[in-house]
Amino acid sequence: MAELVHMNYLLVSVMNRFGIRLGFGDKSISQVCKEHSVNIDFFLEIVNSFHDKDYFPQKHLQGFSIQLIIDYLSKTHRYYLDEKIPEIEKLIDQMIIECYSHNEHAHFLKTFFIEYVNELISHIKKEDEKVFPYSINIENQFLNKKESENQYPTSSNYSIKEYLSEHNNIEEKLFDLKNIIIKYLPSPENQALCSKVLSDLFNLEKDINDHSRIEENVLIPKVKLMEEELSNRQKKT
Amino acid sequence: MRKPTFLIAARSYIILKGLDFLLKEIEDIEIKWVIADSNNLLSKIINEEPDFVILFSDLITSKNRNEFQKYFPDIVKTRLICLCQSSETGNLEKIYSDYIDLNEDKITIIRKLNRIIDIYLPKKSVPSKSSEISEREKNILRNVALGFTNKEIGEKLFISTHTVITHRKNITHKLGIKTISGLTVYAILNNIIAVEEISK
Ligand SMILES: [Fe+2]
Ligand SMILES: [Fe+2]
């Protein structure tokens, strides 16, 4: 397990999403996964595709249960909102004071960042409150669990297609923010702080891209298949 | 200028990966790759219209040759480049615009590809790549930052909405800023607009 971190330290945060913290000594990946009751197959696919953006075993990932996929996705949401965003926000506050003390307009960077955060929050909220529960319900019906039986399609007229069509690009503002810092603000007085902010923004962007890729290429197609199967079943009866 | 786009297609993963690796040495191009069975290849090319497709010679078979001949080299703007053995270079299909010899060394192949790009995508007198935006564009940027719609800006400046959109694309392209709020921050930082104006 330690070797994973040596290979890519950003994986520490991915491990956290599975409830795994540092301090595993020399234990192997399978040992640590067992101790934390983590599905090792799923863990490895997530870690590998996070690390290497050319590696994306779409079919294999679609084989895992929606519940499992959504668990991971919502933990990732929590990581963004509860850890990463507040951290970057603090850095940006600090940067405005320490890097651009002579620029009277630098505080607009903060305004812009907050706009981005609000966009991200409403994006995530919609997924947590609407899309994810809907998907889990579809899976339950698909597996024929009693409590949700026969609710399809009356349960809602919503379909996952809607979500795909409005799953908008939340990286655009992040991209702009980077460019404003890189190109359009004056030379920062505190170079190190500025580099730190940039590297955090780049890492966040990569993380979110990975996350959206799972939503769009694993979760959505899987739910879609189940929707089709359910409506076929209904036609038969 | 837009980056030239390449699609690479072969049945063999190893060939694809190798080609991908090699193309990455060329500056400023965009690469997509497909592990192809020859079935969906043609529709994929026509849908995506990349500038170039490098495909391994065995992907053109007696089955799909006729289909390909309908589109290449004249109907679709995409140029097909054949990746083949030295022995095949003598009698290439007419659909190809050029070829790459599988057995050549790295430098030769890269030079050849650069030449191919220059021939088929000649650089127009390169529009100054600097992020300087023109006075007209500044004026439009000002209005965007003030919250006017494309239609309103067109009416104000006596130009068509279409022209406004074109200007906006150019601005975004030059500055590398896509969102309205990002453009607003840029406008403030560069004194194109005063803070008091937007708080209204
Ligand atoms: Fe999400
Ligand atoms: Fe999302």
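Letters A, B, ... are given to chains in the order of the sequence lines, protein chains preceding strands, and every chain is numbered from 1. The basis for the numbers below is simple: all heavy atoms, side chains too, and nothing from hydrogens, waters or symmetry mates.
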* Would you check, one step at a time, whether the test side chain to side chain contact (heavy atoms under 4.5 Å, CB included) holds for A/Lys183 with B/Leu175? => CA-CA 9 Å; A/Lys183 299 208 300 200; B/Leu175 299 180; 5.9 Å; no
* Atom NZ of A/Lys206 with >12 non-hydrogen neighbours under 6.0 angstrom -> no
* Asked: Can you check whether B/Ile177's main-chain N or O pairs, donor with acceptor, with A/Asn179's side chain at less than 3.5 Å?
  -> no
* Asked: In terms of heavy-atom contacts, does NZ of B/Lys77 have more than 12 from other residues, nucleotides or ligands at under 6.0 Å?
  -> yes
* Kindly check if the number of other-residue, nucleotide or ligand heavy atoms within 6.0 Å of CZ (B/Arg111) is above 12? => no
* Structure fact -> In this structure, CD1 of A/Ile114 is separated from OG of B/Ser181 (nearest 0.5 Å) by 12.5 Å
* To do: Check B/Lys17 against A/Asp54 and note the closest heavy-atom contact, atom names and distance.
  => NZ-OD2, 3.6 Å
* **Other residues, nucleotides, ligands: >12 heavy atoms within 6.0 Å of B/Tyr71 OH** => no
* Structure fact -> From the list A/Phe113, A/Tyr184, A/Phe112, side chain to side chain contact (heavy atoms under 4.5 Å, CB included) with B/Val185 holds only for A/Phe112
* **Close side-chain approach of B/Leu183 and A/Asp176, heavy atoms under 4.5 Å** => no
* To do: Going by the side chain to side chain contact (heavy atoms under 4.5 Å, CB included) test, name the single residue among B/Leu189, B/Thr184, B/Ile188 that passes it with A/Phe108.
  => B/Ile188
* Is the shortest heavy-atom distance from the side chain of B/Thr179 to the side chain of A/Glu115 under 4.5 Å? -> no
* For atom NZ of A/Lys161, is the number of surrounding heavy atoms from other residues, nucleotides or ligands below 6.0 Å larger than 12? -> no
* Asked: Side chain, backbone, both or neither: which part of A/Glu172 has a non-hydrogen atom closer than 4.5 Å to chain B?
  -> both
* To do: Give a yes or no on this: more than 12 heavy atoms of other residues, nucleotides or ligands lie within 6.0 Å of atom CD1 of B/Ile180.
  => no
* Please check if atom OH in A/Tyr55 has more than 12 non-hydrogen atoms from other residues, nucleotides or ligands closer than 6.0 Å. => yes
